[in-house]
Amino acid sequence: MFAASPPRPAHLALASGSPRRLALLQQIGIEPDALLPADLDETPGRNESPRKLAARLSLEKARAGAHVARARENLSPCFVVAADTVVCVGRRILPKCETVEQAEDCLRLLSGRAHRVYTGVTVIDPQGRERSRLVETRLRFKRLSSREIEAYLAGREWAGKAGGYAIQGAAGGFVVQLVGSYTAVVGLPLYETRALLDGLGFPAHDLRAVGAAV
């Protein structure tokens, strides 16, 4: 009789092109085998709340990544991780800023006041099981002077960032208070991500690199 072949090791794909999310996964010892960014329309639906938007987009990104992973033999079997971050003041959803005007508007709105960041994270396992978590973080910025805003805009850390700022950069000096998850504000809540992977059977607890990004 022939011996049974050992099970193929699981792969992991990150459904994002964000260097911040990649660095966060690497921080807990997980090196994705592939980066599979999803090209989605991230426009909020009519009357869609910030928390529902973050949850929906993380799920849609994960499903898009899983669809691509299933078509690639070198990624079978594959876990897929995706996340989305939404910054809001009340129910007003702030944009992922593409222009300096957008970023300036966001910073002036956030100056001296509280806001919330919702980050949805979704994991899909090789059998298609989906698990998601939504993390809410409350922050308050110091009152920003015109000079501080101008200097931050000149540094261009705001480009492509929800709410016009990156907390892991110079804007970290604007934060007076943070209640929730710092890593969620950066882009990927590590505790929740690791818990979802563990719950679906991925050996994230080993804290070992599992592949090489391609």
Ignoring hydrogens and geometry, is there a side-chain-to-backbone donor-acceptor pair from Asp33 to Leu12 under 3.5 Å? yes
Look up atom CG in Asp39 and atom NZ in Lys61, then write down how far apart they are to the nearest 0.5 Å. 10.5 Å
How about Arg56 and Leu53: do any of their side-chain heavy atoms sit closer than 4.5 Å? yes
For side chain to side chain contact (heavy atoms under 4.5 Å, CB included), just list the numbers for Phe79 and Leu196, CA-CA rounded to whole Å, side-chain angles, deciding distance to a tenth of an Å, and then say yes or no. CA-CA 11 Å; Phe79 288 77; Leu196 290 172; over 6 Å; no
State plainly whether one hydrophobic cluster holds both Leu94 and Phe174, where clusters connect Ile, Leu, Val, Met, Phe, Trp and Tyr through side-chain heavy atoms under 4.5 angstrom apart. yes
Gap between atom CG of Leu59 and atom CZ of Arg63 - 0.5 Å precision: 4.0 Å
Report yes or no: does Glu192 contribute a side-chain atom to a donor-acceptor pair with the main-chain N or O of Val121 at less than 3.5 Å? no
In terms of heavy-atom contacts, does NZ of Lys52 have more than 12 from other residues, nucleotides or ligands at under 6.0 Å? no
Answer yes or no: is there a side-chain heavy-atom contact under 4.5 Å between Val185 and Tyr165? yes
Straight-line distance of Gln177 CD to Leu139 CG, nearest 0.5 Å: 8.5 Å
Distance, nearest 0.5 Å, that separates CZ of Arg21 from CG of Asp84: 6.0 Å
Could you walk me through whether Val117 and Ile167 pass the side chain to side chain contact (heavy atoms under 4.5 Å, CB included) test, one step at a time? CA-CA 11 Å; Val117 175; Ile167 194 173; over 6 Å; no
Taking the side chain as every heavy atom from C-beta outward, state whether Thr137 and Tyr182 have any atom pair closer than 4.5 Å. no
Residues Val123, Glu130; criterion side chain to side chain contact (heavy atoms under 4.5 Å, CB included); working and verdict: CA-CA 6 Å; Val123 175; Glu130 302 172 345; over 6 Å; no
Counting C-beta onward and ignoring hydrogens, is there a side-chain heavy-atom pair between Leu25 and Pro32 closer than 4.5 Å? yes
With rounding to the nearest 0.5 Å, note down the distance linking CD in Glu150 to CD in Glu104. 7.5 Å
Flag yes if Val186 and Phe141 sit in one hydrophobic cluster, no otherwise; membership is Ile, Leu, Val, Met, Phe, Trp, Tyr, and two members link when side-chain heavy atoms are under 4.5 Å apart. yes
Write down the atom of Val87, the atom of Ala162, and the distance for their closest heavy-atom approach. CG2-O, 3.5 Å
Thr122 and Ser58: which non-hydrogen atoms are nearest, and at how many Å? OG1-OG, 2.9 Å
So, for Pro50 and Tyr118, which heavy atoms are closest and what is the spacing to 0.1 Å? CB-CD1, 3.9 Å
Transitively linked via ILVMFWY side-chain contacts under 4.5 Å: Leu14 with Leu197? yes
For residues Ala184 and Val135, report the shortest heavy-atom separation together with the two atoms involved. CB-CG1, 3.9 Å
Is there a donor-acceptor pair under 3.5 Å between the side chain of Ser111 and the backbone N or O of Leu107? no
Can Val179 be reached from Tyr191 by stepping across I, L, V, M, F, W or Y side chains whose heavy atoms are under 4.5 Å apart? no
Is Ser76 reaching over with its side chain to a backbone N or O of Glu73, donor-acceptor style, under 3.5 angstrom? no
Looking only at atom types and distance, does a side-chain atom of Arg91 sit under 3.5 Å from a main-chain N or O of Asn47, one as donor and one as acceptor? yes
Consider side-chain contact (heavy atoms from CB on, under 4.5 Å). Of Arg51, His115, Arg116, which one does Cys88 pass it with? Arg116
Between the main-chain N or O of Pro77 and the side-chain N or O of His11, is there a donor-acceptor pair closer than 3.5 Å? yes
What's the spacing between Ile93 CD1 and Ser49 OG if we round to 0.5 Å? 7.0 Å
Report yes or no: does Thr183 contribute a side-chain atom to a donor-acceptor pair with the main-chain N or O of Leu190 at less than 3.5 Å? yes
Minimal heavy-atom distance between Ala82 and Ala62, with the atoms involved, is CB-N, 3.4 Å
Identify the two heavy atoms, one from Trp158 and one from Leu153, that lie closest to each other, and give their separation to 0.1 Å. NE1-O, 2.9 Å
Would you please test Leu144 and Lys142 for side chain to side chain contact (heavy atoms under 4.5 Å, CB included) and show each step? CA-CA 6 Å; Leu144 303 175; Lys142 69 185 290 289; 3.7 Å; yes
Between Ile30 and Val81, is there a side-chain heavy-atom distance shorter than 4.5 Å? no
Please examine the side chains of Leu24 and Thr193, heavy atoms only from C-beta on, and report whether any two atoms are closer than 4.5 Å. no
Leu110 and Leu178: same hydrophobic cluster, using ILVMFWY side-chain contacts below 4.5 Å? yes
